[in-house]
Amino acid sequence: MRGLVIPVLLGLTMDVTIGTSSIQLIPQHPVINGSVTLSVTPSITETPYSVAWYKGQNEDPDRRILMYILSEKLLFPGPLYNVRSFRMFANGSLQITDLQLRDGGNYLVAIWKLQSLYLENISVTLAFYESIIYEKDSSLGFTLGLIFAIILGIALMIMGSVYLYRKFGTQRLDGFAVHM
């Protein structure tokens, strides 16, 4: 996409509740209609039994997006799953595409590690507002800019002419009288 994308506001806060992992946003500054990957870092070294993503701050079954049982390679969509928006990777990361304002909020990943018999919960808050897109070759923007420049140029010429007339009025140049 050619153009300059300026995010108006993007807020990100992280809250690691248990364990030493965190969630990294890729890209770090996602925008509306773009995509973001909520990547669990560092990468999961111990093969987890299951990974589940929730929209919210707790493991509410009604707010589950996806659950993936790695050993069986089974994916269970939750009530908030949307084929258009969500994709889970084998490393536990969640990708959200076609971002909308409603996608902002808290996300929680619950990682059940069978070998060490513990559940690790990691949460992140994703907050953003729509971006403003300025296209370099936008014909409407170019036309409005050109009209503004022409009006400004004419106004400056008129103001300059009035100023010069008032300042110099009638003046002699090399013996000739010039009347303005």
Side-chain angles (χ1 to χ4, degrees), residues 1-138 140-141:
M1 178 177 92
R2 289 179 43 166
L4 176 64
V5 179
I6 301 173
V8 175
L9 175 65
L10 173 68
L12 167 68
T13 60
M14 274 192 178
D15 174 29
V16 178
T17 53
I18 298 176
T20 58
S21 299
S22 64
I23 298 172
Q24 177 184 4
L25 289 160
I26 303 171
Q28 191 173 13
H29 303 288
V31 295
I32 298 296
N33 297 323
S35 64
V36 64
T37 300
L38 306 178
S39 179
V40 179
T41 58
S43 296
I44 301 170
T45 55
E46 176 185 332
T47 304
Y49 174 71
S50 70
V51 176
W53 279 93
Y54 299 86
K55 179 128 193 290
Q57 295 180 337
N58 55 37
E59 295 177 61
D60 180 353
D62 294 332
R63 307 283 299 158
R64 190 176 74 234
I65 300 167
L66 284 167
M67 181 175 183
Y68 184 54
I69 299 178
L70 281 81
S71 61
E72 305 298 322
K73 295 188 170 59
L74 295 174
L75 187 67
F76 297 100
L80 296 184
Y81 178 72
N82 182 331
V83 175
R84 170 199 60 83
S85 299
F86 299 107
R87 179 177 171 204
M88 186 184 284
F89 298 100
N91 67 358
S93 298
L94 178 71
Q95 183 180 54
I96 309 170
T97 58
D98 191 22
L99 288 168
Q100 301 300 313
L101 287 175
R102 68 178 175 270
D103 295 322
N106 296 315
Y107 288 85
L108 176 107
V109 62
I111 304 168
W112 177 252
K113 297 182 179 180
L114 196 56
Q115 290 88 349
S116 57
L117 298 174
Y118 80 94
L119 177 69
E120 182 175 10
N121 289 334
I122 310 164
S123 65
V124 65
T125 302
L126 178 64
F128 49 82
Y129 292 92
E130 291 184 79
S131 64
I132 300 173
I133 300 176
Y134 298 98
E135 293 291 333
K136 287 181 182 175
D137 55 354
S138 169
L140 177 62

Tell me the closest heavy-atom pair linking [X] and [Y], and the distance in Å.
X      : Y     : answer
Arg102 : Lys55 : O-NZ, 3.2 Å
Ser39  : Ser93 : CA-OG, 3.3 Å
Phe86  : Leu80 : CE1-O, 3.4 Å
Val36  : Pro27 : CG2-O, 4.0 Å
Thr41  : Gln24 : CG2-OE1, 3.4 Å

Taking the side chain as every heavy atom from C-beta outward, state whether [X] and [Y] have any pair of such atoms under 4.5 Å apart.
X      : Y      : value
Val51  : Val109 : yes
Phe76  : Leu66  : no
Lys73  : Tyr68  : yes
Ile65  : Leu94  : yes
Leu25  : Leu38  : yes
Ser123 : Asn106 : no
Arg87  : Thr97  : no
Leu108 : Asn58  : no

Under the 3.5 angstrom rule, does the side chain of Gln100 hit a backbone N or O of Asp98 as a donor-acceptor pair?
->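 Side chain of Gln100 to backbone of Asp98: a pair is present.
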
Checking side chain to side chain contact (heavy atoms under 4.5 Å, CB included) for the pair Trp53/Arg64: CA distance, chi angles, key distance, verdict?
CA-CA 6 Å; Trp53 279 93; Arg64 190 176 74 234; over 6 Å; no

As an exercise, state the distance from [atom1] of [X] to [atom2] of [Y], rounded to the nearest 0.5 Å.
X      : Y      : atom1 : atom2 : answer
Asp103 : Leu126 : CG    : CG    : 8.0 Å
Ser35  : Gln95  : OG    : CD    : 5.0 Å
Glu59  : Tyr54  : CD    : OH    : 4.5 Å

Next on the checklist: So for atom CD, which belongs to Gln57, do other residues, nucleotides or ligands contribute more than 12 heavy atoms lying within a distance under 6.0 Å?
Outcome noted: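 Result for CD/Gln57: open.
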
